[in-house]
Each structure stands twice: as structure tokens, then as C-alpha cells.
Amino acid sequence: MAVRGTSAAGPATQVLGLDTLVRLKRARAVSGAVRRLPVPEGMAVPLGCDAVAVPAPFGPLLLSRLPRVGCVYADSAQWWWLVPSESDVALDWPAPAHYATGAVVPDAPLAPGLIHRPHGTLPYTPPIPLYLALCRITGTTPVWSRPISA
């Protein structure tokens with residue numbers, strides 16, 4: 001799917017694909033002075049980095065349900081799980097989770113502290129098991145299992 005703009009001078013020559021539009025929206029959403037979750041030294045983020053925040057009481061419940069856990073950060077209110085960039089594409093993360101593009105921590109004077117670091121060099125928690133565990137805890141039906149209305 002592409003969008004072609006027009007102007008008073010005539011049709012624009014640039015065609016923007018859906019991927020480009022999504023990237024532009026994401027870049028706009030995290031511009032300016034922001035606080036990001038820091039990736040520990042020695043770890044690589046080849047897939048970029050986003051985060052999923054959940055209320056603190058859900059944190060231990062999620063830990064026990066995941067086969068692999070990446071970097072997890074916590075403060076008194078939330079636990080933050082690092083996931084690869086664009087882990088929200090085609091996923092409707094259940095409330096009360098918050099998906100943070102670029103691993104940006106909104107309205108926080110200090111970044112949450114690191115409470116779990118994996119043994120390898122990748123900081124990611126696999127997003128699908130995290131999503132499924134969160135759906136299970138919140139009683140939410142995964143997006144691909146919901147009925148489609150005509």
C-alpha cells in the first residue's frame with residue numbers, strides 16, 4: 001500500500017509505502033529530550049530496541065511463565081521488558097501493558113533499575129512468549145484468536 005501526495009503544483013513524485021509511514025510516525029513519537037532504558041555494556045541490539053511495561057505486580061508472574069528472559073528493569077510501579085524494535089506490529093498488547101517505542105520511559109526523572117540481565121549478548125525477551133504470557137495473566141484473547149467481524 002502506498003500513498004501519493006498532491007499539491008497545487010501537481011501530483012507529487014514521491015510515493016510513501018506503509019513501512020515508511022510507520023517509521024516516520026515512530027521517529028516523530030520519540031523525538032526530543034527523552035529518557036531511554038540503557039542497554040547494559042557489552043550487549044548488542046542488532047534488531048533495535050523497544051520495551052513493554054507492565055504493572056509491578058505482574059512482573060514475577062511473567063518471569064515464571066517465560067522460557068527466556070532478556071533485560072528487565074523495574075521501579076516501584078512498573079517492570080520493563082526489552083524486546084526487538086517493532087514487536088508491536090500486528091500485536092495488540094493487552095491493557096494495562098504499555099508498549100514503548102525506542103524503549104523510552106515516559107515522565108520518569110530516573111530510568112528504572114536493571115533487575116535481570118541475560119547471560120548472552122542480546123538483551124531481548126522474545127516478544128511472542130511475553131505477549132502470550134501477558135494475555136494469559138490479563139485474561140485477554142490473543143489478537144490472532146479473536147473472531148473477525150464482517
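FYI, the numbering just counts along the sequence from 1. Keep in mind it's a predicted model, so treat the numbers as computed, not measured.
Within the 4.5 Å cutoff, the side chain of Met43 has heavy atoms near those of the Pro118 side chain. Side-chain contact check for Pro126 versus Leu66: every heavy-atom pair is 4.5 Å or farther apart. For the pair Gln78 and Pro112, the minimum side-chain heavy-atom distance is 4.5 Å or more. When side chains are defined from C-beta on, Tyr73 counts as touching Pro38, because their heavy atoms get closer than 4.5 Å. Between Cys71 and Trp80 the shortest side-chain heavy-atom distance does not fall below 4.5 Å.
Here Trp93 and Tyr131 bring their ring centres to under 6.0 angstrom of each other.
Distance check, rounded to the nearest 0.5 Å: OG1 of Thr138 to CG of Leu61 gives 11.5 Å. The distance from atom CZ of Arg136 to atom OG1 of Thr141, rounded to the nearest 0.5 Å, is 11.0 Å.
Screening Leu134, Leu37, Leu63, Asp50 against Trp81 for a side chain to side chain contact (heavy atoms under 4.5 Å, CB included) leaves a single residue, Leu63. Checking Thr140, Val54, Val143 one by one against Pro94, the side chain to side chain contact (heavy atoms under 4.5 Å, CB included) holds for a single residue, Thr140.
A donor-acceptor pair under 3.5 Å is formed between the side chain of Ser85 and the backbone N or O of Cys49. In this structure, Tyr99 contributes its side chain and Ser87 its backbone to a donor-acceptor pair below 3.5 Å.
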